[in-house]
Number of protein chains: 2
Amino acid sequence: MSQQENMPGETCPVARTLDVIGDRWSWLIVRDAFDGIRRFGEFQKNLGMARNILASRLRALTEQGVLEIAPASDGSAYQEYVLTPKGEDLFTVVVGLRQWGEQHLFARREKHSTLIERASGKPVPRISLHDQDGQALRPQDTIVKKVTPQNRS
Amino acid sequence: MSQQENMPGETCPVARTLDVIGDRWSWLIVRDAFDGIRRFGEFQKNLGMARNILASRLRALTEQGVLEIAPASDGSAYQEYVLTPKGEDLFTVVVGLRQWGEQHLFARREKHSTLIERASGKPVPRISLHDQDGQALRPQDTIVKKVTPQNRS
DNA sequence: CCGTATCCATTCCGATACTG
DNA sequence: CAGTATCGGAATGGATACGG
């Protein structure tokens with residue numbers, strides 16, 4: 001009870017998002033889920049993480065509605081973890097993490113994975129921010145303001 | 001020596017990005033930096049975090065080239081921490097975190113901060129992924145592929 | 001195969017005290 | 001103010017062993 005900045009009443013959406021998926025393992029699990037990983041053992045083998053930590057992360061992400069449990073697609077008696085629509089909406093963030101890493105964290109000729117369009121085989125263009133007229137928007141062109149939404153859809 | 005997936009040679013850009021800013025505090029520091037926070041004491045007061053943790057995060061982010069030290073703008077003898085161009089490129093990611101939180105983590109009428117265009121006062125449109133022809137791109141329209149860049153700019 | 005439980009080492013974090 | 005040092009509690013993470 002020392003203080004209350006971390007309570008659910010936090011009004012900054014960035015902070016609230018980080019309360020849901022603020023750590024490295026959770027992001028990697030979501031990344032793998034986008035790549036089609038669904039089974040406990042696949043996550044564990046692919047990420048090389050401890051089984052108890054994986055279990056607790058899967059439980060938390062499920063409770064938060066990012067993942068959901070589905071019956072095994074191969075007829076086995078086990079479960080699978082798949083992204084919900086809410087979880088799929090994290091795609092732009094994961095792609096943003098990927099593109100920033102590609103641009104700033106690899107040497108010129110260094111091998112890395114990248115995202116390509118399935119249909120055409122062409123690389124996915126970089127995400128960028130635009131205003132309502134389609135003009136590129138830089139950080140200094142924006143400000144953060146507190147609002148109380150009234151009648152949004 | 002159990003395995004080697006976490007070494008710097010990691011070929012997934014998402015994982016490498018998370019090695020640089022994989023934790024909650026670092027993201028909140030970067031968020032504050034975008035909001036114009038520059039001084040040690042401002043970060044500390046605004047985030048309510050322990051001073052030693054703040055110091056270590058600022059040091060790490062500076063070593064990684066996300067922040068850089070600048071002389072105080074008010075003539076005092078102290079330093080300020082400002083985003084480098086590399087750090088500013090995190091803008092789309094931070095905005096992505098914000099927009100996901102706004103959409104999924106707040107009740108309909110609940111008060112929260114949001115991003116608006118400084119010039120027009122209008123809200124910044126949602127980030128989205130498009131292919132090279134401007135068509136919206138969903139997760140299942142893409143695949144991750146390993147490449148060795150040859151002669152990219 | 002899943003997933004849980006337990007043990008142990010390491011890190012994280014907050015509070016406080018201390019130095020330019 | 002800005003930053004460092006230290007201390008104790010809590011959470012994290014890895015390895016292993018154990019039951020559906």
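Letters A, B, ... are given to chains in the order of the sequence lines, protein chains preceding strands, and every chain is numbered from 1.
- Between the CD1 atom of Ile53(B) and the C1' atom of dC7(D) there is a distance of 13 Å, rounded to whole Å.
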At a cut-off of 3.5 Å, list every protein nitrogen or oxygen paired with a nitrogen or oxygen from nucleotides 1-7 of chain C, distance to 0.1 Å.
{"unit_1": "dC1(C)", "atom_1": "O2", "unit_2": "Tyr78(A)", "atom_2": "OH", "d": "2.9"}
{"unit_1": "dC2(C)", "atom_1": "OP1", "unit_2": "Arg39(A)", "atom_2": "NE", "d": "2.5"}
{"unit_1": "dC2(C)", "atom_1": "OP1", "unit_2": "Arg39(A)", "atom_2": "NH2", "d": "2.8"}
{"unit_1": "dC2(C)", "atom_1": "OP2", "unit_2": "Gly41(A)", "atom_2": "N", "d": "3.2"}
{"unit_1": "dG3(C)", "atom_1": "OP1", "unit_2": "Gln79(A)", "atom_2": "OE1", "d": "2.9"}
{"unit_1": "dG3(C)", "atom_1": "OP1", "unit_2": "Tyr81(A)", "atom_2": "OH", "d": "3.1"}
{"unit_1": "dG3(C)", "atom_1": "OP2", "unit_2": "Tyr81(A)", "atom_2": "OH", "d": "3.2"}
{"unit_1": "dG3(C)", "atom_1": "N7", "unit_2": "Arg51(A)", "atom_2": "NE", "d": "3.4"}
{"unit_1": "dG3(C)", "atom_1": "N7", "unit_2": "Arg51(A)", "atom_2": "NH2", "d": "3.0"}
{"unit_1": "dT4(C)", "atom_1": "OP2", "unit_2": "Arg59(A)", "atom_2": "NH2", "d": "3.4"}
{"unit_1": "dT6(C)", "atom_1": "O4", "unit_2": "Asn52(A)", "atom_2": "ND2", "d": "2.9"}

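- Counting only Watson-Crick or G-U wobble pairs whose defining distances are both under 3.5 Å, the stems of 3 or more consecutive pairs in DNA chain D are C:3-20 with D:1-18.
- Counting only heavy atoms from C-beta outward, the side chains of Ser128(B) and His130(B) approach each other to under 4.5 Å.
- For the residue pair Thr114(B) and His112(B), no side-chain donor N or O sits within less than 3.5 Å of a side-chain acceptor on the partner.
- With sequence neighbours left out, Ser56(A) forms a side chain to side chain donor-acceptor pair (under 3.5 Å) with no residue at all.
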Derivation and outcome, salt bridge (Lys or Arg N to Asp or Glu O under 4.0 Å), residues Asp19(B) and Arg16(B):
CA-CA 5 Å; Asp19(B) 284 337; Arg16(B) 241 187 234 196; over 6 Å; no

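- Look at CD on Gln44(B): it is 11 Å from C1' on dA15(C), rounded to the nearest Å.
- If you take CG of Asp23(A) and P of dG13(D), they are 6 Å apart, rounded to a whole angstrom.
- Remark: P of dC12(C) and CG of Leu47(B) are 17 Å apart, rounded to the nearest angstrom.
- Across every non-hydrogen atom of Gln99(B) and Pro125(B), the tightest pair is NE2-O, 3.1 Å.
- Residue Leu61(B) contributes atom CG, which lies 14 Å from atom P of dG3(D) at whole-angstrom precision.
- Asn46(B) has its CG atom 13 Å from the P atom of dA2(D), to the nearest Å.
- The shortest non-hydrogen separation linking Arg39(A) to Gln79(A) is CD-O, 3.5 Å.
- Side-chain contact between Trp100(B) and Leu105(B): present, with at least one pair of heavy atoms (C-beta onward) separated by less than 4.5 Å.
- One interatomic measurement links the two molecules: CH2 of Trp25(A) to P of dT11(C), which rounds to 15 Å at whole-angstrom precision.
- Residues Val144(B) and Phe34(A) fail the side-chain proximity criterion, which asks for heavy atoms closer than 4.5 Å.
- Rounded to a whole Å, the CZ atom of Arg24(A) is 13 Å from the P atom of dC12(C).
- A salt bridge between Asp89(B) and Lys86(B) is absent, with no side-chain N of the basic residue lying under 4.0 Å from a carboxylate O of the acidic one.
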